[in-house]
Amino acid sequence: MELHFYNTMGRSMQLFTPLHDHHVGMYCCGPTVYNYAHIGNLRAYLFDDVLRRTLEYFGYDVTHVMNITDVGHLTDDEDEGEDKMLKSSRETGKSVWDIAAFYTEAFFHDIDSLHIKRPSVSCKATDHIQDMIALIKRLEDRGFTYEAGGNIYFSIDKFPDYGKLSMRDKQNLHAGARIAVDSNKRNPHDFVLWFTHSKFEHHSMLWDSPWGRGYPGWHIECSAMSMKYLGEQFDIHCGGIDHIPIHHTNEIAQSEAATGRKWVNYWMHNEFLIIGKGKMAKSSGEFLTLSVLVDKGYTPLDYRYFSLGGHYRSQLQFSYESLDAARKARENLYDRTLRLKEDASPCPFSQLGDKARTYLGHYEAALAYDLNTPKALSEMWMLLKDKDISPREKLTVLYKMDEVFGFNLEQLEQASVEVLDDEIMDLIKEREKARERRDWAKADTLRDLLLQRGISIKDTPEGTKWTKNV
RNA sequence: GGCGCCGUACCCAAGUGGUAAGGGAGAGGUCUGCAAAACCUUCAUGCACCGGUUCGAAUCCGGUCGGCGCCUCCA
């Protein structure tokens, strides 16, 4: 099936044609590990995951590269900017290296719990300083750089296509409108490739370079590492929509200036998660992490389902009301899956009827046309609710669909019955006796009591069943 | 000030000019001692508003109002 993706470069839907037949190289901007990821950040990695799984679903072999930015970069906060890693270090009393290690681990814990597949390569910036230096040297040799005030800058005026991705030529930019312009810059939009003149004292992450002891600019790591693992040209580069005007624009400039040819064919950007009024941001107000949601009784996969319910290029409105809806839907999906498993086993694809095939076809078409996960979910529900389709067909198609949804439904098992403490068991038994006596008032009182203890009671023809509320 | 995106039911949300997907909530029903669960039925003559193009517009064009993002680190 042909895949179409919306390419930010050109702002249009385009047929996806990889550079190499069945192989796709994709680079996704990863986290800066100076704090926990918030659920808005995580939306981006869920998008990466859906993209990767979709490519794999359609038979591509994907090399998925993601950076771990463990070199400090500037904060915002209307001050003159502080190094994020240093700030975190100062606040916690840990070394910057410890901070990076700690939050890297936290990050992987989060994405694992969201069933986001681990990237083929996760590369730390600090492990690739020499690659960055080599790339800066290439730029220097080709005359794209200048030194000023101890720093090495990229000169955007030497690169005619600068700003193509962000359509900057159409913009009346007010550089420095909100932040003082670095007086060393020849053009306000020039950017630093290598710092030797740190404006921060006690900068503990420093490396030797041909330009002196210092540290790399923010953008160079993505160019250096992506080219190292994917080659000087590759298929897809993704990231948050916020990266279009600065980060990705600068990446393109330095990469294409260094190699003298086109770098990336498809640029894909996810929109933001909106909470209340405005995006979720580490620096302002609402900062919800996955563990906050877990503490409130949601599972990470509730958030995964929530995220799949909106298209990646649309802002998604977060509220607990809509997260509740997602949780309920996910629970219903699990219940249906378990009941189907009790009734049937999957059948070979060759035994699928026309209707089942139609739903699967629509699902595939939805994903193939710019990753329309809400439409894909809708097809799944119509499949599950269609009375003309047998349980075994449903299971077969459901498992297939789940390859992209990523709930691991095939491995799903009835929650193992935890051993309840004796007191609770006694209450359940007492209630059963009351019911035998037809002492309904007593039975209902006990049911309420159990509910307060987090135990839900269901009286079925096969006897009383209970489940523990999460 | 410039650039971009968006406005679909109570909430979230899809919609590629051909007559409004899906989920959750709600309502009614079957079943049940009552519940719960399950199942059945129901839930936008309407897509911010006003014009226009068209045989036909949520979709295209213009305007108005409202929201969001970016131009600064950021997913």
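So you know, we letter chains A, B, ... as the sequences are listed, proteins then strands, and number each from 1.
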Expressed in angstrom and rounded to an integer, what is the separation of A:Tyr36 atom OH from B:A75 atom P? 17 Å
Residue set satisfying side-chain hydrogen bond (donor to acceptor under 3.5 Å, both in side chains) with A:Asp157, at least two apart, ordered chain then number -> A:Asn187
Touch class at under 4.0 angstrom, heavy-atom based, for A:His4 against every strand present: nothing
Sub-3.5 Å pairs of nitrogen or oxygen atoms, protein against nucleotides 8-10 of chain B:
none

Please identify each residue that fulfils ring-ring contact (aromatic ring centres under 6.0 Å, His included) with A:His4, with sequence neighbours left out. A:Tyr369
Which value, in whole Å, describes the distance between the P atoms of nucleotides B:U16 and B:G1? 32 Å
Heavy atoms only, 4.0 Å cut-off, all strands: where does A:Gly40 land among base, sugar-phosphate and nothing? base
What contact category does A:Phe318 fall into here, base, sugar-phosphate, or nothing, at under 4.0 angstrom with non-hydrogen atoms? nothing
Which residues satisfy the salt bridge (Lys or Arg N to Asp or Glu O under 4.0 Å) test with A:Arg43, sequence neighbours excluded? none
Of the listed nucleotides B:U41, B:C12, B:G33, the one nearest the side chain of A:Lys387: B:U41
Euclidean distance, atom CG of residue A:Asp448 to atom P of B:C34 [Å, nearest integer]: 16 Å
Which residues pass the side-chain hydrogen bond (donor to acceptor under 3.5 Å, both in side chains) test with A:Thr289, not counting sequence neighbours? A:Ser291
Report, one pair per line, the protein and nucleotides 20-23 of chain B atoms (nitrogen or oxygen only) whose separation is under 3.5 Å.
{"from": "B:A21", "atom 1": "O2'", "to": "A:Ser378", "atom 2": "OG", "distance (Å)": "3.3"}
{"from": "B:A21", "atom 1": "N3", "to": "A:Ser378", "atom 2": "OG", "distance (Å)": "3.3"}
{"from": "B:G22", "atom 1": "O4'", "to": "A:Ser378", "atom 2": "OG", "distance (Å)": "3.0"}
{"from": "B:G23", "atom 1": "OP1", "to": "A:Lys385", "atom 2": "NZ", "distance (Å)": "2.5"}

Among A:Lys117, A:His64, A:Arg304, which one satisfies side chain to side chain donor-acceptor pair (under 3.5 Å) with A:Asp49? A:Arg304
base_contact_polar (B:C73 base, A:Asp242 side chain, donor-acceptor, <3.5 Å): no
Just how far, in rounded Å, is P of B:C5 from CZ of A:Arg11? 8 Å
To the nearest angstrom, how far is A:His311 atom NE2 from B:G7 atom P? 13 Å
Any salt bridge (charged side-chain N to carboxylate O under 4.0 Å, His left out) involving residues 373-388 of chain A? Give me the pairs, sequence neighbours left out, ordered by first then second residue. A:Lys355-A:Asp386, A:Lys355-A:Asp388, A:Lys375-A:Glu379
Listed partners of A:Lys442 passing salt bridge (Lys or Arg N to Asp or Glu O under 4.0 Å), at least two apart: A:Glu430
Pair pattern of RNA chain B in dot-bracket, where unpaired bases get dots and | marks partners in another strand, Watson-Crick or G-U under 3.5 angstrom: (((((((..(((.....[...))).(((((.......))))).....(((((..]....))))))))))))....
Salt bridge check, A:Arg431 against A:Asp459: does any charged N sit closer than 4.0 Å to a carboxylate O? yes
Across the strands shown, which category fits A:Leu323 at heavy-atom distances under 4.0 angstrom: base, sugar-phosphate, nothing? nothing
What contact category does A:Leu316 fall into here, base, sugar-phosphate, or nothing, at under 4.0 angstrom with non-hydrogen atoms? sugar-phosphate
Sequence neighbours excluded, which residues qualify as ring-ring contact (aromatic ring centres under 6.0 Å, His included) partners of A:Trp263? A:Phe234, A:His237, A:Trp267
Of A:Arg438 and A:Gly239, the one whose nearest nucleotide on RNA chain B sits closer to the 5' end is A:Arg438
Find the distance A:Gln315:CD to B:C12:P and express it as a whole number of Å. 13 Å
With centres under 5.5 Å and planes under 30° as the test, does A:Phe272 stack with B:C68? no
In this structure, are over 12 heavy atoms from other groups packed under 6.0 Å from A:Glu403 atom CD? yes
Test item: A:Asn270 and A:Arg313 side chains (from C-beta on) under 4.5 Å apart, heavy atoms: no
I need the CZ-C1' distance between A:Arg336 and B:G24, as an integer number of Å. 14 Å
5' priority, RNA chain B, between A:Ala443 and A:Ile39 [closest heavy atom]: A:Ala443
Distance below 4.0 Å between A:Ser314 side-chain N/O and B:A14 OP1 or OP2: yes
What is the separation between atom NE2 on A:His189 and atom C1' on B:G2, rounded to the nearest whole Å? 11 Å
side-chain hydrogen bond (donor to acceptor under 3.5 Å, both in side chains) partners for A:Ser322, two or more places apart: A:Ser319
Measure from CZ on A:Arg447 to P on B:U32 and round the result to the nearest Å. 16 Å
Side chain of A:Lys279 (C-beta onward), nearest among B:C70, B:C11, B:C68: B:C70
When all nucleic acid strands are considered with a 4.0 Å heavy-atom cut-off, which category describes A:Asn372: base, sugar-phosphate, or nothing? sugar-phosphate
Could you please name the option among B:C34, B:A75, B:U16 that lies closest to any side-chain atom of A:Asp444? B:C34
Report yes if at least one side-chain N or O of A:Arg431 is closer than 4.0 Å to OP1 or OP2 of B:A36; otherwise report no. no
Look at all strands and tell whether A:Arg339 reaches a base, only sugar-phosphate, or nothing, counting heavy atoms closer than 4.0 Å. sugar-phosphate
Are the aromatic rings of A:Tyr45 and A:Phe107 close, with centres under 6.0 Å apart? yes
Name all residues meeting the side-chain hydrogen bond (donor to acceptor under 3.5 Å, both in side chains) criterion together with A:Arg357; count only those two or more places apart in sequence or in a different chain, and write none if there are none. none
